[in-house]
Number of protein chains: 2
Amino acid sequence: MSRTANKGHTTREAILDTGIALAREVGLGALTIGELAERVGMSKSGLFAHFGAKEELQLAVLRAAQARFDENVSRQAFLAPRGLARLRELYKRWLGWAASNRQPGGCLMLAAASEFDDRPGPVRDYLARQQEGWLAGLSRTVGFAVEAGELPENTDTEQFAFELFGLILSTHHHVRLLQDERYFALAQAGLERLINAAPLRKD
Amino acid sequence: MSRTANKGHTTREAILDTGIALAREVGLGALTIGELAERVGMSKSGLFAHFGAKEELQLAVLRAAQARFDENVSRQAFLAPRGLARLRELYKRWLGWAASNRQPGGCLMLAAASEFDDRPGPVRDYLARQQEGWLAGLSRTVGFAVEAGELPENTDTEQFAFELFGLILSTHHHVRLLQDERYFALAQAGLERLINAAPLRKD
DNA sequence: CAATAAAACGAACGGTCGTGCTATAAATCG
DNA sequence: CGATTTATAGCACGACCGTTCGTTTTATTG
């Protein structure tokens, strides 16, 4: 038996790869089993058998997308030492992942969050939990920079993370809609202003 | 003849009213003529005749949504005097419009922009032009505060507007997905930090 | 009021949707 | 290898999609 287990597992991976790409183009909600099957090169029913329900396919696509994000952004950035170095690395990778238009469709998580924020159900629940976790991780990363003495002692790390998220979203929004890479410079300046004039707790 | 012109015009308005609400719930792309007709209480073909094509309906819904936005946010905020007063009023109204979850679905413009940012066509073109215009207007509003001496002379108004947009997006994202009104406080603190430590041109 | 124009309807079209069911082909295992 | 589990294909279903068309109802106007 090879390391990649069953045949089923292999084609499932291929389906999810193509599924991520397709969902980026048309949106997670508009992801269609027939179209996906055609792109993968198999029958609709054959593909369907892997998931049993459309919603299960959507969740599987999201989980796969997150795994790729974690590997390319979080894990890589955590190789940098705690502090501003890691924060900068994380921001750079996050920005490249979310807003770069080398890949069509931008960040699937952000698009899906906007698409499903008013449709109760497992997809929405998954996205909400994921975003909460990410925001908490961001705060922690900022906190390390405080501990390292690179940011003021009374920095409001949650406020910092919230604003950092806003910079990513604004860049994502403008780069993707207006197709203008010039906005990356604004994203960079925004980070520097956050660092040089960090939000402080009012206590 | 009454001031509201034809019967056709009247029902068209009713269609767009309901269309905005429905598009907010399911997304502009998933807006369906049959479902909309049912909600309005008329036949599919009768509704269809008003627009001639689905894309035309989508554009009409967007135009109607923007008219409401302009009236409730821009026009109202412009009653305040130029300067920080107007900027604060604009931010407050924008935030209430976009992120309040009194109305289901949040801001249709932002949701549609995220949904269509990778689907070339008239809808995308409309949204892109609209967003460019809005960002330019934001910069101008910040510029008035500079002229009034309430912000540093060398304030980078475009950077300011870009970051302001990010605060709105971050609030929208978190409030709508996580259903936690607590994020409005972060939005407010973000504006104050922008004002107290405004981004400066590096020239 | 009658004549005319505008608006709404009902039925039907070819497609595609998600999802079952049954049969066949391929991979796995003793 | 043969036996058996697993993966895929084929086909059909009811529902809904956007759109067209001819008809009927409703507004508007002289």
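Residue numbering restarts at 1 for every chain, and letters A, B, ... go by the order of the sequence lines. Note that the coordinates shown come from a computational prediction; the quantities given were computed from them, not determined experimentally.
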Original post:
Touch check for A/S43, heavy atoms < 4.0 angstrom, all strands: base, sugar-phosphate only, or nothing?
Top reply: base
Subject >> Closest listed nucleotide, where the reference is the side chain of A/N6 and the choices are D/dT8, D/dA7, C/dC9 >> reply: D/dA7
Original post:
When all nucleic acid strands are considered with a 4.0 Å heavy-atom cut-off, which category describes B/L31: base, sugar-phosphate, or nothing?
Top reply: sugar-phosphate
Original post:
If each of A/E35 and A/G52 is mapped to the nucleotide of DNA chain C with the nearest heavy atom, which maps nearer the 5' terminus, i.e. the 5' end?
Top reply: A/E35
**OP:** Check the angle between the aromatic planes of B/F165 and A/H173 and answer parallel, tilted or perpendicular using the 30° and 60° thresholds.
**Re:** tilted
Original post:
Within the structure, does a side-chain N or O atom of A/H50 lie under 4.0 Å from either OP1 or OP2 of D/dT8?
Top reply: yes
Original post:
Does a salt bridge link A/E147 with A/R140, judged by any charged N lying under 4.0 Å from a carboxylate O?
Top reply: no
Original post:
Starting at CE of A/M42 and ending at C1' of C/dT24, how long is that distance when rounded to a whole Å?
Top reply: 14 Å
Original post:
Starting at CZ of A/F48 and ending at C1' of C/dG18, how long is that distance when rounded to a whole Å?
Top reply: 6 Å
Original post:
Just how far, in rounded Å, is P of D/dT19 from CD of B/E55?
Top reply: 9 Å
Original post:
Nearest-Å distance, CD (A/E56) to P (C/dG18)?
Top reply: 15 Å
**OP:** Run the salt-bridge test on B/R39 and B/E25 with the 4.0 Å N-O cut-off and return the result as yes or no.
**Re:** yes
Original post:
Do B/K44 and D/dG18 share a donor-acceptor pair, side chain to base, under 3.5 Å?
Top reply: yes
Original post:
In terms of ring plane angle, is the pair A/H174 and B/F162 parallel, tilted or perpendicular, where the classes change at 30° and 60°?
Top reply: tilted
**OP:** Please determine, for the side chain of A/K54, which listed nucleotide (C/dA8, C/dG18, C/dA12) has the closest atom?
**Re:** C/dG18
Subject >> Nucleotide nearest A/I33 when distance is taken to its side chain, options D/dT8, C/dG18, D/dG18 >> reply: C/dG18
Original post:
Could A/E192 and A/R88 be called an ion pair, given the rule that one side-chain N must be under 4.0 Å from one carboxylate O?
Top reply: yes
**OP:** When you get a sec, tell me which of C/dT19, D/dT8, D/dG18 is the closest nucleotide to the side chain of A/T11?
**Re:** D/dT8
**OP:** Please report, rounded to the nearest Å, how far the P atom of C/dC17 is from the CG atom of A/L22.
**Re:** 10 Å
**OP:** Record whether the side chain of A/S45 comes under 3.5 Å of the base of D/dA9 through a donor-acceptor pair of N or O atoms.
**Re:** yes
**OP:** For B/A49, report the nucleic acid contact type (base, sugar-phosphate, nothing); a contact means any heavy atom under 4.0 Å.
**Re:** nothing
Original post:
Rounded to the nearest Å, what distance is computed from the CG atom of residue B/L47 to the P atom of nucleotide D/dC16?
Top reply: 17 Å
Original post:
Which whole-number value in Å describes the distance from B/I15 CD1 to C/dA7 C1'?
Top reply: 11 Å
**OP:** For B/F51 and C/dA7, give me the distance from atom CZ to atom C1', rounded to whole Å.
**Re:** 13 Å
